[in-house]
Number of protein chains: 2
Amino acid sequence: MALSTDHFPPTPDAGHLRARLTQAGLRATRQRLMILESLLTLPGHPTAEQVHRQVISQEPSISLGTVYKALDSFVAAGLTRRVAAAEGTSRRYDADCTEHHHLFCTNTQEIIDYCDPQLDSLIREFFAAKGLQNFQPHSFSLHITGSKLASK
Amino acid sequence: MALSTDHFPPTPDAGHLRARLTQAGLRATRQRLMILESLLTLPGHPTAEQVHRQVISQEPSISLGTVYKALDSFVAAGLTRRVAAAEGTSRRYDADCTEHHHLFCTNTQEIIDYCDPQLDSLIREFFAAKGLQNFQPHSFSLHITGSKLASK
DNA sequence: ATCCCTGCAAAAGATTTGCAAGGCG
DNA sequence: CGCCTTGCAAATCTTTTGCAGGGAT
């Protein structure tokens, strides 16, 4: 358990999305609402291009530039994070800003969220006890590379 | 301690570099020798551009395209890895292919290698005991974000 | 009404590709 | 010698920027 993709978010309702933007200090435009919804719904942490493909299927007039600008504003507002990935050429985004870890599937290139408070404690305790020379750690994220198994 | 940058690699001798390429099944050209040397010497995991700047200071005729092709060949041969980074626009490379972790300095944008067999065991044991649903882990890399402190 | 946001198009930045000439084994 | 690699330049892909018009508060 604990793979966040086990439970695909049920399409979040418009009110919730609007609140999320407003609380982050962003104007709730039609475009941003759709972009945020796509980000929350698309699996595997999408690129700007993938978000764009998703939103234009509903509203073809939204431009790719707007998607880039919206994603930038989400990151600046702390609503979204950029994902660290070694593969691929494009930036990928993560709508979840709480501390968590990532599973990298070498087959599908998906990046799957993994939350585990027990693991978090283990790591924090390790560094609290051991320390790092000349470095003040601030946050930890474990990258687990491997392959997704067919879920029955 | 154990921050690999504590001990800057003494300029590796040509014979060693040549052996490394040959063992990986690559032709030891003048360009590749210089590119590999730069990769091993430059701190913080350089981009292709940074490697290029370094090599042209010795041999101005080497082109950026050659640097890209050489780095690709190193990665394909398992001599080098691409680094997973959330910040910046360019790819960054790591000449060390053994399992290790990374410190990300939010001030300097440097990515510093961190080796710790004790940490490796801790993580492996954790997942051996706990397991992951629908995922077969293959390797682990901890990303530690924080700030480098002035070393006295 | 005021600013912020959008769409478009051009620009900038990063990486890849094709090809002729040269170098390595 | 034969094949792989290089240098160059053009092509491609990704992301950013400038600006005029439109929309949210």
Side-chain angles (χ1 to χ4, degrees), chain A residues 14-15 17-36 38-39 45-53 55-56 58-77 79-80 82-93 109, chain B residues 14-15 17-36 38-39 45-53 55-56 58-77 79-80 82-93 109:
Chain A
L17 294 173
R18 181 176 297 275
R20 215 153 147 163
L21 289 172
T22 304
Q23 281 164 31
L26 297 171
R27 282 194 186 174
T29 64
R30 197 168 32 86
Q31 290 87 339
R32 284 181 175 167
L33 288 165
M34 294 177 60
I35 291 166
L36 181 55
S38 295
L39 200 58
H45 300 311
T47 63
E49 185 69 43
Q50 290 171 326
V51 169
H52 184 234
R53 268 202 294 279
V55 296
I56 59 176
Q58 288 183 249
E59 175 64 74
S61 65
I62 294 178
S63 78
L64 180 57
T66 295
V67 173
Y68 274 105
K69 286 172 185 163
L71 291 172
D72 281 353
S73 72
F74 294 176
V75 171
L79 244 190
T80 295
R82 283 183 54 192
V83 174
E87 302 302 318
T89 16
S90 305
R91 281 183 191 163
R92 302 177 64 163
Y93 295 87
Q109 301 276 81
Chain B
L17 293 174
R18 182 175 296 276
R20 217 154 144 161
L21 288 171
T22 304
Q23 280 164 32
L26 297 172
R27 282 195 187 173
T29 64
R30 197 168 33 84
Q31 291 86 339
R32 282 180 177 167
L33 288 165
M34 295 177 59
I35 291 166
L36 181 56
S38 295
L39 201 58
H45 301 310
T47 63
E49 184 69 43
Q50 290 171 325
V51 169
H52 185 235
R53 268 201 294 277
V55 296
I56 59 175
Q58 286 183 250
E59 176 63 76
S61 64
I62 294 177
S63 78
L64 179 58
T66 296
V67 174
Y68 274 104
K69 285 171 185 163
L71 291 173
D72 281 353
S73 72
F74 295 176
V75 171
L79 244 191
T80 295
R82 283 183 54 192
V83 174
E87 302 301 318
T89 16
S90 305
R91 280 181 193 165
R92 302 177 65 163
Y93 295 87
Q109 302 276 79

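So that the names make sense, note that chain A is the first sequence line, chain B the second, and so on, each numbered from 1.
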Between [N] atom [atom2] and [X] atom [atom1], what is the distance in whole Å?
X: B:His52; N: D:dG7; atom1: NE2; atom2: P; result: 8 Å
X: B:Phe74; N: D:dT6; atom1: CZ; atom2: C1'; result: 13 Å
X: B:Ile62; N: D:dT6; atom1: CD1; atom2: P; result: 9 Å

Polar-atom pairs under 3.5 Å, protein N or O versus N or O of nucleotides 12-15 of chain D: list them with distances, or write none.
residue, atom, partner, partner atom, Å
D:dT15, OP1, A:Arg91, N, 2.7
D:dT15, OP2, A:Tyr68, OH, 2.2
D:dT15, O5', A:Tyr68, OH, 3.3
D:dT15, O3', A:Arg91, NH1, 3.4

Distance-only donor-acceptor hits, side chain of residues 28-35 of chain A, under 3.5 Å, sequence neighbours excluded:
residue, atom, partner, partner atom, Å
A:Thr29, OG1, A:Arg32, N, 3.1
A:Arg30, NH1, A:Glu59, OE1, 3.2
A:Arg32, NH1, A:Arg27, O, 3.2

How would you label the contact of B:Ser61 with the nucleic acid (heavy atoms, under 4.0 Å): base, sugar-phosphate, or nothing?
sugar-phosphate

[X] versus [Y]: any side-chain heavy-atom pair under 4.5 Å?
X: A:Leu39; Y: A:Phe74; result: yes
X: B:His45; Y: B:Tyr93; result: no
X: B:Thr47; Y: B:Val51; result: no

Show me the protein contacts with nucleotides 17-24 of chain D, counting only N or O atoms at under 3.5 Å.
residue, atom, partner, partner atom, Å
D:dG18, O6, A:Lys69, NZ, 2.8
D:dG23, N2, A:Arg27, NH1, 2.6

How sharply is the helix from C:dA1-D:dT25 to C:dG25-D:dC1 bent, taking the axes over five pairs at either end and rounding to 10 degrees?
50°

Using the side-chain contact (heavy atoms from CB on, under 4.5 Å) criterion, which residues pair with [X]? Sequence neighbours excluded.
X: A:Arg20; answer: A:His16, A:Leu36, A:Leu40, A:Leu79
X: B:Glu87; answer: B:Gln109
X: B:Ala76; answer: none
X: B:Ala19; answer: B:Gln23

Between A:Leu17 and A:Leu21, does a side-chain contact (heavy atoms from CB on, under 4.5 Å) hold up when you go through it step by step?
CA-CA 6 Å; A:Leu17 294 173; A:Leu21 289 172; 5.7 Å; no

Look up atom NE2 in B:His52 and atom CD1 in B:Ile56, then write down how far apart they are to the nearest 0.5 Å.
4.5 Å

Who are the salt bridge (charged side-chain N to carboxylate O under 4.0 Å, His left out) partners of B:Arg53, not counting sequence neighbours?
B:Glu49

Taking heavy atoms of chain B and a 4.0 Å limit, find me the 5'-most and 3'-most nucleotide of DNA chain C within that range.
C:dA14 to C:dG25

For residues 63-72 of chain A, which residue pairs qualify under side-chain hydrogen bond (donor to acceptor under 3.5 Å, both in side chains), counting only residues two or more places apart or in two chains?
A:Ser63-A:Thr66

Judged by atom type as modelled, is there a donor-acceptor pair below 3.5 Å linking the side chain of B:Arg92 to the main-chain atoms of B:Pro46?
no

